[in-house]
*Asks:* 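Right, I'll just put the structure down here and ask away after.
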Amino acid sequence: MDKEYMRNYYRRMYENPCDLVVTESEEFKEKRNLRYALEDKLEEMMGGTSTQIYKVFDKYISAFCDEMEVMREETYLLGAADREQMLK
């Protein structure tokens with residue numbers, strides 16, 4: 001498998017793959033809503049969005065989202081490699 005070709009294909013074709021994959025998943029929606037509620041509670045406990053601790057928390061969430069994007073891409077590539085192996 002041409003991994004770089006597949007990586008570029010993924011990046012071109014799936015701008016927001018998460019929405020495509022879980023758009024109809026009630027379990028995902030429940031877990032996301034729980035996370036949102038917890039984030040709101042944390043924001044309140046931290047004293048709002050202008051505090052230093054909230055700014056660090058926001059950077060943490062952004063870094064985590066970036067990490068998960070890499071995980072999604074690598075999972076896609078693993079699936080592509082698995083498919084290629086299965087077709088042999």
*Asks:* Just say parallel, tilted or perpendicular for the rings of Tyr10 and Tyr14, cut-offs at 30° and 60°.
*Replies:*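 Tilted.
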*Asks:* Any link between Tyr9 and Leu77 through a network of hydrophobic side chains (Ile, Leu, Val, Met, Phe, Trp, Tyr) touching at under 4.5 Å?
*Replies:*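 Tyr9 clusters together with Leu77.
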*Asks:* For Glu27, give me all partners under side chain to side chain contact (heavy atoms under 4.5 Å, CB included), at least two apart in sequence or on another chain.
*Replies:* Ser25, Lys31
*Asks:* Hydrophobic clusters join Ile, Leu, Val, Met, Phe, Trp and Tyr when side-chain heavy atoms are under 4.5 Å apart, directly or via other members; which others share one with Leu38?
*Replies:*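 Other cluster members: Leu34.
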*Asks:* Please identify each residue that fulfils salt bridge (charged side-chain N to carboxylate O under 4.0 Å, His left out) with Glu30, with sequence neighbours left out.
*Replies:*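 Applying salt bridge (charged side-chain N to carboxylate O under 4.0 Å, His left out) to Glu30 gives none.
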*Asks:* Could you state the interatomic distance from CD1 (Ile53) to CG (Leu42), rounded to the nearest 0.5 Å?
*Replies:*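 Between Ile53 CD1 and Leu42 CG, I get 9.0 Å after rounding to 0.5 Å.
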*Asks:* Which pairs, with at least one residue in residues 70-82 and sequence neighbours excluded, count as a side chain to side chain donor-acceptor pair (under 3.5 Å)?
*Replies:* Arg7-Glu73, Arg7-Glu74, Arg11-Glu73, Glu69-Arg72
*Asks:* Applying side chain to side chain contact (heavy atoms under 4.5 Å, CB included), can you list everything that pairs with Asp2, at least two apart in sequence or on another chain?
*Replies:* Glu4, Tyr5
*Asks:* Does Arg83 have more than 12 heavy atoms from other residues, nucleotides or ligands lying within 6.0 Å of its CZ?
*Replies:*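 No, not enclosed.
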*Asks:* Under the side chain to side chain donor-acceptor pair (under 3.5 Å) rule, what pairs show up with a residue in residues 36-55, not counting sequence neighbours?
*Replies:* Arg35-Glu39
*Asks:* Can you list everything that forms a ring pair (Phe, Tyr, Trp, His ring centres under 6.0 Å) with Phe28? Sequence neighbours excluded, please.
*Replies:*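 With sequence neighbours excluded, Phe28 shows a ring pair (Phe, Tyr, Trp, His ring centres under 6.0 Å) to no residue whatsoever.
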*Asks:* Who are the side chain to side chain contact (heavy atoms under 4.5 Å, CB included) partners of Met1, not counting sequence neighbours?
*Replies:*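 If we apply the side chain to side chain contact (heavy atoms under 4.5 Å, CB included) test to Met1, skipping adjacent residues, the hits are Lys3, Met6, Ala80, Ala81, Glu84.
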